[in-house]
Engineer: 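I have a structure I would like to understand better, so I am pasting it below and will then ask my questions one at a time.
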Amino acid sequence: MHRWSKLFIPTLREAPADAEVASHKFLLRAGYIRQLGAGIYNYLFLGQRSLNKIIAIVRDEMDKIGQEFLLPGILPKDPWVESGRWTGMGDNMFRLQDRKGAELCLGMTHEEIMTGIARNELRSYKQLPQIWYQIQTKYRDEPRPKSGLLRVRQFTMKDSYSFDLNAAGLDTSYKLHDQAYRNIFTRSGLKFVVVDADSGAMGGSQSQEFMVYTDAGEDLIVSCPVCRYAANLEKATSKLEPVTEMEPTGDGMPELVHTPGCASIADVAAFFKISPASDIKCVAYMALKHGGPDSKSGSKPDTWHGVATFLRGDHQVNETKLLGAIGAAELRTMQADELEKYLHGPAGYLGPVGLQHDAKPLGDGLTVIVDKSLEGRKNLVCGANKLDYHLRNVTPGRDFTWTLSADIRSVNEGEACPVDDCDGKLVVGKAVEVGHIFKLGDRYTASMGARVLDENGKEVTPIMGCYGIGIERILTAAIEQSNDANGFWLPSTIAPFQVVVTVTNIGDAALKETGEKLAVALEDAGIDVVLDDRDERAGVKFKDADLVGIPYRINVGKKAASGLVELVSRAKAQSTDVALDAVVHEVKARIQEEQLLLKAD
RNA sequence: CGGGGCGUAGCGCAGCCUGGUAGCGCAUCUGCUUUGGGAGCAGAGGGCCGGGGGUUCGAAUCCCUCCGCCCCGACCA
């Protein structure tokens, strides 16, 4: 029996000043966590208890489709060199040396290690498929930890890895995870959406994220209120309204126009009396390409390449899409001297006409990427690569060419849903990512040389999927979606306790005994209960109960003498009088009803 | 990494500009009263004022430096 008077539940009346988002404030105030450093937290009793419940759900569902492993958190350098990620992970990887000077890192993910096991142990197609998972601490040196447990440098992750003989097998493993994840998040009481996600620059054919809408989230989700379309902004597309073509002037060929001081899209649009959609915007980058693995030095040196992107003036470059289109690892914008070198012009007056460009992305010269939305347009305006001059009557394809044409822009709210026959208008919302499933392909099995014999005795490379769930983010998202001024309430499946029995006046021996007996009865009924037996005023105990996320409270107070107690649903802030001998049954019914509702969604 | 802010008791803050050896509220401990929504009264404990260096007779306060934490940005020239 858990007695509050003996527990360490350090609740705070006020939140520390540096907590911004609701979940951060309440996790601190409710005594779930305490901060140790930037993005590093101590989990106290209530926090750990809730996380353990989440982990139990995850384990229960994962055991239905896979096998639990536990890999080390501290990892040697070699596997990372083999996969090319020793350099590829950059500064996000915590690195250290042992006493001999050998290099090690703290695990931020385990594709290399799992693939290493597969390579060493799997020999035959008969051993496939395999799904291996673990629930383990991950370390990532985030550039900017923030928002309490939402973006941290140490966290708990369920990560799993599937190995299959072929694409059909991978599809099965992927679907198994999809269903397991839906079960996990449903049982955890989250209102989530599944969205199409970017599958990354390197390999990967399909990817979905499990998202919970909240303003505290860092991801932007595009969705259609009419059909079921939903995608991460990094991946989302839309149907564009056709732009009315501009009439050519003069002979219809590019014409140099003096545009003094018109360095922004708005200036140019005003000068030519056109919409920004008819101006060509240029955003120029230096793109980092990883050298890849090298048997001698560990990895070949990284290289920087000039990339110029052109798109409609009213559109935004989507760097994730751009990275994928050109196969680069990182981007930074060009400096003035680089603009001069690659585009021979100053910022504000850059354009595509007359540029020499590479035939393939990331060559020795300049890579020119044009957004799809410019194809087929005519008589546009663009910079002339000359201070205070622009060109008009510019027609893509006729007046300039490119290395690659691709979708490199972010959709805007209000654009038309990309689904055929759907006329919905897209909306954009903030969300937090709680899970991600990903068809990896042979990215790791190939580079690390994992092979099995197929039924014809031929060597083949197994293909992989990888799948992650952020354990703490389930807790965080649950708090974000259910809180008010007084605190938060968790689904009874993941709450540290399902019920708190509050004895309003512990000095009253009869009340105390009633509370004790009730708590025992609840426990016997399989309900996770804590007895608030503190010698505090009733108000203090009520406030704490409202704060700490326990979904049900039973007040044992004045009416107990006449055989009644109060049953309070925290979510509904609703109190009902129930006969003492019926309350166990009633609580149980409510908890069961809650689970049924979750499953029904 | 760039910009901004902050660091004084467990938490929230004042004091700093204009140097004189630290204060308020909450919390904690003791006693009495109180006991259904963060009680009242009385008393008590708790601080190398983030670290180091400097200026000064004297530094929480001024200067230098380091560290830590928070927020914004790190795509539209």
Engineer: Mind checking the P distance from B:C13 to B:C71? Whole angstroms is fine.
Structural biologist: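 Each nucleotide's P atom is 15 Å from the other's.
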Engineer: Paired with B:A14: which nucleotide, if any, by Watson-Crick or G-U wobble criteria at under 3.5 Å for both distances?
Structural biologist: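 Its partner is none (no Watson-Crick or G-U wobble pair with both distances under 3.5 Å).
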Engineer: Is there a Watson-Crick or G-U wobble partner for B:U61 with both distances under 3.5 Å, and which nucleotide is it?
Structural biologist: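 Across all strands, not a single nucleotide pairs with B:U61.
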Engineer: Atom CZ of A:F8 to atom C1' of B:G10: distance rounded to whole Å?
Structural biologist: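 A:F8 atom CZ is separated from B:G10 atom C1' by 10 Å.
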Engineer: Whole angstroms only, please: what is the CD-C1' distance between A:E14 and B:G12?
Structural biologist: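 Those two atoms, CD and C1', are 4 Å apart.
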Engineer: Using atom C1' in both nucleotides, what's the gap between B:G10 and B:U18 to the nearest angstrom?
Structural biologist: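 Going atom to atom, C1' in each nucleotide, I get 33 Å.
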Engineer: What contact category does A:R29 fall into here, base, sugar-phosphate, or nothing, at under 4.0 angstrom with non-hydrogen atoms?
Structural biologist: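 If one applies the 4.0 Å heavy-atom cut-off, A:R29 turns out to touch a base.
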Engineer: Which part of the nucleic acid does A:N555 contact within heavy-atom distance under 4.0 Å: base, sugar-phosphate only, or nothing?
Structural biologist: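 Result for A:N555 = base.
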Engineer: Is there a Watson-Crick or G-U wobble partner for B:C32 with both distances under 3.5 Å, and if so, which one is it?
Structural biologist: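 Across any shown strand, B:C32 pairs with B:G40.
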Engineer: Distance between the C1' atoms of B:C17 and B:C75, in whole angstroms?
Structural biologist: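 These two C1' atoms come out 41 Å apart once rounded.
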Engineer: Please give the distance between the P atoms of B:A27 and B:G50 as a whole number of Å.
Structural biologist: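 So the two P atoms sit 25 Å from each other.
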Engineer: Are the side chain of A:R377 and the backbone of A:A277 linked by a donor-acceptor contact shorter than 3.5 Å?
Structural biologist: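 Yes; at least one donor-acceptor contact below 3.5 Å.
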Engineer: Determine whether the side chains of A:Y349 and A:N385 contain a donor N or O and an acceptor N or O closer than 3.5 Å.
Structural biologist: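 Side chains of A:Y349 and A:N385: no pair found under 3.5 Å.
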Engineer: Return the orientation label for the A:F94 and A:Y139 ring planes: parallel under 30°, perpendicular over 60°, tilted otherwise.
Structural biologist: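 Ring orientation of A:F94 relative to A:Y139: perpendicular.
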Engineer: Can you tell me the base-pairing partner of B:C1? Count Watson-Crick or G-U wobble geometry only, both distances below 3.5 Å, and say none if there is no partner.
Structural biologist: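 Here B:C1 is engaged in a pair, and the nucleotide opposite it is B:G73.
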Engineer: For the residue pair A:R49 and A:F497, would you count it as a cation-pi contact if the rule is NZ or CZ under 6.0 angstrom from the ring centre and within 45 degrees of the ring axis?
Structural biologist: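 Yes, A:R49 lies over the aromatic ring of A:F497.
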Engineer: Give me the distance, rounded to whole Å, that separates B:G3 from B:A39 when you measure between the C1' atoms they each carry.
Structural biologist: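 Per the computed distance, 47 Å lies between those C1' atoms.
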Engineer: Are the side chain of A:R34 and the backbone N or O of A:N42 linked by a donor-acceptor pair below 3.5 Å?
Structural biologist: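 Judged by distance alone, no pair lies under 3.5 Å.
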Engineer: Between A:L547 and A:V317, which residue's closest nucleotide on RNA chain B lies nearer the 5′ terminus?
Structural biologist: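 Its nearest nucleotide lies further toward 5', so the answer is A:L547.
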Engineer: Output yes when a side-chain donor or acceptor of A:D141 lies under 3.5 Å from a complementary backbone atom of A:N92, and no otherwise.
Structural biologist: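 No: the side chain of A:D141 does not pair with the backbone of A:N92.
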Engineer: How is A:N318 classified with respect to the nucleic acid when contacts are heavy atoms under 4.0 Å: base, sugar-phosphate, or nothing?
Structural biologist: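 Answer is nothing: A:N318 stays at 4.0 Å or more from every strand.
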Engineer: Looking only at atom C1', what distance separates B:A9 and B:G45, rounded to whole Å?
Structural biologist: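 Pairwise C1' distance, B:A9 against B:G45, rounds to 11 Å.
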Engineer: Round to a whole Å and report the spacing from CG of A:L28 to P of B:G10.
Structural biologist: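 Taking atom P of B:G10 as the reference, CG of A:L28 is at 16 Å.
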Engineer: Where the side chain of A:F542 is defined as all heavy atoms beyond and including C-beta, which of B:A77, B:A39, B:G36 is the nearest nucleotide?
Structural biologist: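 Of the options given, the side chain of A:F542 lies nearest B:G36.
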Engineer: When rounded to the nearest Å, what value does the distance between C1' atoms of B:C32 and B:G37 take?
Structural biologist: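 One C1' to the other, the span is 24 Å.
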Engineer: Which listed nucleotide (B:G12, B:G36, B:C75) is nearest to the side chain of A:E319?
Structural biologist: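 Ranking B:G12, B:G36, B:C75 by closest atom to the A:E319 side chain puts B:C75 first.
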Engineer: Between A:D546 and A:A15, which has a closest nucleotide on RNA chain B that is more 5'?
Structural biologist: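 Upstream on the strand: A:A15.
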Engineer: Tell me whether the NZ or CZ atom of A:R95 lies within the 45° cone about the ring axis of A:W80 and under 6.0 Å from its centre.
Structural biologist: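 Not satisfied by the 6.0 Å and 45° rule.
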Engineer: For the residue pair A:R534 and A:W4, would you count it as a cation-pi contact if the rule is NZ or CZ under 6.0 angstrom from the ring centre and within 45 degrees of the ring axis?
Structural biologist: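 Positive - A:R534 is close enough to the ring of A:W4 and near enough to its axis.
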Engineer: Can you see if the side chain of A:R13 gets near the phosphate of B:G38 - specifically, an N or O under 4.0 Å from OP1 or OP2?
Structural biologist: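 For A:R13, the contact criterion (side-chain N or O under 4.0 Å from OP1 or OP2 of B:G38) is not met.
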Engineer: Does A:Y349 reach a base, just sugar-phosphate, or nothing at all? Heavy atoms under 4.0 Å.
Structural biologist: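 No contact.
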Engineer: Can you find a donor-acceptor pair, distance only, under 3.5 Å between A:D544 side chain and B:G38 base?
Structural biologist: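 By the distance-only test, yes, there is a pair.
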Engineer: Which whole-number value in Å describes the distance from A:R534 CZ to B:A27 P?
Structural biologist: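 Whole-Å distance recorded here is 13 Å.
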Engineer: Give the rounded distance in Å between these two atoms: CG of A:D508 and P of B:U35.
Structural biologist: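 For the pair A:D508 CG and B:U35 P, the rounded distance is 12 Å.
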Engineer: Could you tell me how far B:U34 sits from B:C41 if I compare only their C1' atoms? Round to whole Å.
Structural biologist: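 Looking at atom C1' only, B:C41 and B:U34 are 11 Å apart.
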Engineer: So what does A:G557 touch, heavy atoms closer than 4.0 Å: a base, only the sugar-phosphate, or nothing?
Structural biologist: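 Base contact.
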Engineer: Over how many whole Å does the gap from A:Q574 atom CD to B:G37 atom P extend?
Structural biologist: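 Rounding to the nearest Å, CD of A:Q574 and P of B:G37 are 20 Å apart.
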Engineer: So if I take every side-chain heavy atom of A:A538 and compare against B:G36, B:C75, B:A74, which nucleotide ends up nearest?
Structural biologist: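 Between B:G36, B:C75, B:A74, the one nearest the side chain of A:A538 would be B:G36.
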Engineer: From OH of A:Y285 over to C1' of B:C75, roughly how many Å is that when rounded to an integer?
Structural biologist: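 Whole-Å distance recorded here is 4 Å.
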Engineer: What's the CG-C1' distance between A:N412 and B:C75, to the nearest Å?
Structural biologist: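 Rounded to whole Å, this separation is 14 Å.
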Engineer: For A:R553, answer base if it contacts any base atom (sugar-phosphate contacts may also be present), sugar-phosphate if it contacts only those atoms, and nothing otherwise; contact means non-hydrogen atoms under 4.0 Å.
Structural biologist: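 If one applies the 4.0 Å heavy-atom cut-off, A:R553 turns out to touch a base.
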Engineer: For B:A22, which nucleotide is its Watson-Crick or G-U wobble mate, given both distances must be under 3.5 Å?
Structural biologist: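 The answer is none; no pair meets the criterion.
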Engineer: Between the protein and nucleotides 67-71 of chain B, list every N/O to N/O distance that falls short of 3.5 Å.
Structural biologist:
from  : atom 1 : to    : atom 2 : distance (Å)
B:C69 : OP1    : A:A38 : N      : 2.7
B:C69 : O3'    : A:Q35 : NE2    : 3.4
B:C69 : O2'    : A:D18 : OD2    : 3.2
B:C70 : OP1    : A:Q35 : NE2    : 3.0

Engineer: What class does the angle between the rings of A:H2 and A:F45 fall in, given that below 30° is parallel, 30 to 60° is tilted and above 60° is perpendicular?
Structural biologist: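 A:H2 and A:F45: tilted rings.
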Engineer: Once you apply the 3.5 Å cut-off to both distances, tell me the Watson-Crick or G-U wobble partner of B:G46, or none.
Structural biologist: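 None - no nucleotide pairs with B:G46, as no candidate has both distances under 3.5 Å.
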Engineer: Any side-chain donor-acceptor pair under 3.5 Å between A:Y41 and A:Q154?
Structural biologist: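 There is no such pair (donor and acceptor under 3.5 Å, judged by atom type) between the side chains of A:Y41 and A:Q154.
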